[in-house]
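What follows is a short report on a single structure.
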Amino acid sequence: MAFLEIYSMQLLNENNYTIDALSLPFIQKAKLTASVIRLDKVHPVVSGNKWFKLKEYLHEATKGFKKVIVTFGGAFSNHIIATAAACNQQGLQPVGIIRGEKPAQLSHTLQDAQQYGMQLYFVNREVYKEKVVPAEIWNHYKKEDVYLIAEGGYGLKGMEGAATILSGVDVQAYDYIIAAVGTGTTLAGLIHAATHKKVIGISALKNNFSLEDEVKALLPPHENQSFQILHQFHFGGYAKHKPELITFMNNWYRQTGIPTDFVYTAKMFYAFEQLCNEGYFLPGSNILLVHSGGLQGNASLPKETLIF
Ligand SMILES: *Cc1c(COP(=O)(O)O)cnc(C)c1O
C-alpha cells in the first residue's frame, strides 16, 4: 500500500517520458544504435502504455456525460489499476469486473485499485469469458451513466490513443520500433503512427496466433502494414516466467539502470538482445524500443527476487 500512498497524489503527465540511448556491447557488435522511450516514467501507477490506451475512451466518456467506467481484467492487471487511477483523477467512478472468485486476500493490484475508489465485481472464469456486465452492476448504476471499455483497452479508441505515444518523437530517425504485445492495441497504434517503419511486436502470450488479425482489425485497411509479431519469447506464457528471465532482468538493470516488468517489457528487451545476436536487424539501423511500463506487477514476485 505504501507505493500507492506515496505516489497517488502525483498528477499524470504523459510527456514525462525520456528517450534514453542504450550503449551495450551487443548493440555495438551488431552495428546498431538503439534507444528506449521510457513510458514507465509517465506515472508510477498509470504506467506506460495504459494511459495512452485509455485516454481517448475517457475523453469520449466525459464528452458523453458518462459517470461510470466499467472494464474487465485479472487480479494483477495493469489495465485495471490504470483505469482505477485515471478515473480517480478525472472524477469518474471506476468499476472493475475481475476474473475469478473473490480471494480471501486481495492482490496488491486490487487493493490499490480499491484505494482509487474502484468497485470490484468478481466473476468466475467461465462467466468472465463471456465478457458480459453482471446484472448487479446494471442494478446499481444508471444505464445511461455507464461507459464500457473492453479488456485491456482493446479497440479503435485504444489504438488511436496509443498512436499518440509517438506524437513527440522524431519517428523518421528510426528504422525499427519494438514493443511488447498483449492485446495488440498498442502495437496497432505504433504501426498507425509510424507507417513505412518496421514495427516488431514481442508477444507475451503463448501461441496467440490470432494476434495478427486482431492488430489488422484496428488499422485502416489501406494502410501500410509492415509489422511482424514474434511468438517465441513468451517464457511459458502470459505472466509466466523462468529463472533465466529474472536473471536477465537483474542484469539488464545493472547494465542500463532500466527496471523492467516480468510480464511484458523484460521479454521484449530479452528478445531484442537475442535478435541483435542473431543478426536479425540490418546493420546501421537505428532502433526504438518502447518501455511500456507495468512495473507495479513485479510486486507479485517474492521479495528480493529483483534487485530494483
Ligand atoms: C498491457 C501491457 C502491454 C500490452 O499492451 P497491448 O496494447 O494490450 O498489446 C505491454 N506492456 C505492458 C507493460 C503492459 O502493461
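Whatever order the structure lists ligands and atoms in, that order sets their numbers, starting from 1. Just so it is clear, the model here is predicted, and its values are computed rather than measured.
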Nearest non-hydrogen partners of Val45 and Ala85, listed with the distance
CG1-CB, 4.2 Å

Quick one: look up the protein heavy atom nearest atom 7 (O) of ligand 1 and list residue, atom name and how far away it is.
Thr186 OG1, 2.6 Å

Between Lys66 and Glu144, is there a salt bridge with N-O shorter than 4.0 Å?
no

Do Gly294 and ligand 1 have an N or O pair less than 3.5 Å apart?
no

Test your reading of the structure: does Gly152 have an N or O sitting under 3.5 Å from an N or O of ligand 1?
no

For ligand 1, which is the ligand I care about here, please tell me if Thr183 has any N or O atom under 3.5 Å from one of the ligand's N or O atoms.
yes

Look only at interatomic distance and state if Tyr264 has a nitrogen or oxygen under 3.5 Å from any nitrogen or oxygen of ligand 1.
no

Checking contacts here: is it the side chain or the backbone of Asn78 that comes within 4.0 Å of ligand 1, counting heavy atoms only? Could be both or neither.
side chain

Atom 4 (C) of ligand 1 has as its nearest protein heavy atom Gly182 N, 3.4 Å

Just let me know how Asn49 lines up against ligand 1, side chain, backbone, both or neither, with a heavy-atom cut-off below 4.0 Å.
side chain

Atoms in ligand 1 flagged as close to Val181, the criterion being non-hydrogen separation under 4.0 Å
9 (O)

If you count the atoms of ligand 1 from 1 in the order shown, which ones are under 4.0 Å from a heavy atom of Lys53?
5 (O), 6 (P), 7 (O), 8 (O)

Tell me the protein heavy atom at minimum distance from atom 2 (C) of ligand 1, and give that distance in Å.
Lys50 NZ, 2.4 Å

Identified side chain to side chain contact (heavy atoms under 4.5 Å, CB included) partner of Ile69 from the options Thr83, Thr62, Val95
Thr83

With a cut-off of under 6.0 Å to the ring centre and 45° to the axis, is Arg99 in cation-pi contact with Tyr128?
yes

Under 4.0 Å, counting heavy atoms only: does Gly184 come that close to any atom of ligand 1?
yes

How close does the nearest protein non-hydrogen atom get to atom 11 (N) of ligand 1, and which residue and atom is it?
Ser292 OG, 2.6 Å

Between Phe262 and His241, how do the two ring planes meet: parallel, tilted or perpendicular, split at 30° and 60°?
perpendicular

With under 30° as parallel and over 60° as perpendicular, where do the rings of Phe76 and His108 fit, or are they tilted in between?
tilted

Using the rule side chain to side chain contact (heavy atoms under 4.5 Å, CB included), only one of Leu106, Leu120, Thr109 pairs with Ile98; which is it?
Leu120

Using modelled atom types and a 3.5 Å cut-off, is there a donor and acceptor pairing between side-chain atoms of Thr18 and backbone atoms of Asp20?
no

Going by the angle between their ring planes, with limits at 30° and 60°, are Tyr270 and Phe235 parallel, tilted or perpendicular?
perpendicular

